[in-house]
Amino acid sequence: RLFHLIKGCHGSRSILKATDFTRLVRRLLSYHPQLEFFWCDSHSGMHAPYINSVVASMLWHAGGWRRGEINLRQFSSLNLEAILDMLQDPSQDLNLVPHFSYDQFYVAYVKFVHLDTSACGSLGPMELMAFEGGGPVGRARR
């Protein structure tokens, strides 16, 4: 049921796209009490990357990150209903909710910004080599 509620009337294929998750996550996190710091101007720029990281984490877990979409079987592996229940509990530490840990996002984001020496919003081979202190970077094999 939850799969079809999130999917809505967007197309006839039985898949959820990243944009479907983005709408859901944005709604869930817009007024979450543990994320009040996003409401001030000095931190508001971090809200969209945080939402993107939550969506990417869910897609990665379900095996649909590369395509940016998942099917019903993959969706079932997320156990999203239990995660939504956790998010509804105001006493639940957000950092202990799967895919929603702000602390993990912040560490990854700061590392990314540090490695993105060209400030282009992506990492090239030389910047990736700096991630682990150098070493060979080759093409991934499928």
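- Taking 4.5 Å as the limit, some side-chain heavy atom of Leu94 sits within range of a side-chain heavy atom of Leu87.
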Task: Full working for side chain to side chain contact (heavy atoms under 4.5 Å, CB included) between Phe75 and Ile15 - done: CA-CA 9 Å; Phe75 177 80; Ile15 58 168; over 6 Å; no
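- With sequence neighbours excluded, the residues satisfying side-chain contact (heavy atoms from CB on, under 4.5 Å) with Ala18 are Val55, Leu59.
- Distance NZ/Lys17 to CG/Asp20: 8.0 Å, rounded to 0.5 Å.
- His47 and Ser30 get closest at one heavy-atom pair: CE1-CA, 4.4 Å.
- Annotation: side-chain hydrogen bond (donor to acceptor under 3.5 Å, both in side chains) contacts involving residues 89-100, sequence neighbours excluded, comprise Ser57-His99, Asp89-Ser91, Asn95-Ser101, Asn95-Asp103.
- Shown here is Phe112, whose CZ atom has more than 12 heavy atoms of other residues, nucleotides or ligands within 6.0 Å.
- Atom CE of Met58 sits about 15.0 Å away from atom CH2 of Trp65, to the nearest 0.5 Å.
- At distances below 3.5 Å, not a single donor-acceptor pair connects side-chain atoms of His61 with backbone N or O atoms of Leu78.
- Closest approach of Ala62 and Ile70 over heavy atoms only: CB-CG2, 3.7 Å.
- Put simply, the side chain of Ser77 never gets that close to the backbone of Arg73: no donor and acceptor are under 3.5 Å apart.
- Scored by the side chain to side chain donor-acceptor pair (under 3.5 Å) test, Ser53 finds no partners at all (sequence neighbours excluded).
- Both Leu84 and Phe21 are assigned to one and the same hydrophobic cluster, defined by single-linkage of ILVMFWY side chains at heavy-atom distances under 4.5 Å.
- Here the side chains of Leu28 and Gln88 are in contact, with some heavy-atom distance below 4.5 Å.
- Taken together through direct or relayed side-chain contacts under 4.5 Å among Ile, Leu, Val, Met, Phe, Trp and Tyr, Leu35 and Val110 form part of one hydrophobic cluster.
- Residues Ile51 and Val107 are members of separate hydrophobic clusters, defined by side-chain heavy-atom contacts under 4.5 angstrom among Ile, Leu, Val, Met, Phe, Trp and Tyr.
- With sequence neighbours left out, Arg67 forms a side-chain contact (heavy atoms from CB on, under 4.5 Å) with Glu69, Gln74.
- For the atom pair CG of Leu123 and OG of Ser118, the computed distance is 8.0 Å after rounding to the nearest 0.5 Å.
- Although no hydrogens or angles enter the test, the distance criterion places no donor-acceptor pair under 3.5 Å between the side chain of Asn79 and the main chain of Ile83.
- More than 12 heavy atoms of other residues, nucleotides or ligands shown are found within 6.0 angstrom of NE2 on His32.
- Using a 4.5 Å heavy-atom cutoff, the side chains of Phe3 and Asn71 are not in contact.
- Taking NE2 of His4 as the start and CG of Leu16 as the end, the distance is 9.0 Å to the nearest 0.5 Å.
- Taking the ring-ring contact (aromatic ring centres under 6.0 Å, His included) definition, one finds that Tyr50 meets it with Phe38, Tyr102, Phe105, sequence neighbours left out.
- Between atom CG of residue Leu24 and atom CG of residue Leu80 there is a gap of 6.0 Å, rounded to the nearest 0.5 Å.
- Residues that satisfy the side-chain contact (heavy atoms from CB on, under 4.5 Å) test with Thr117, not counting sequence neighbours, are Glu127.
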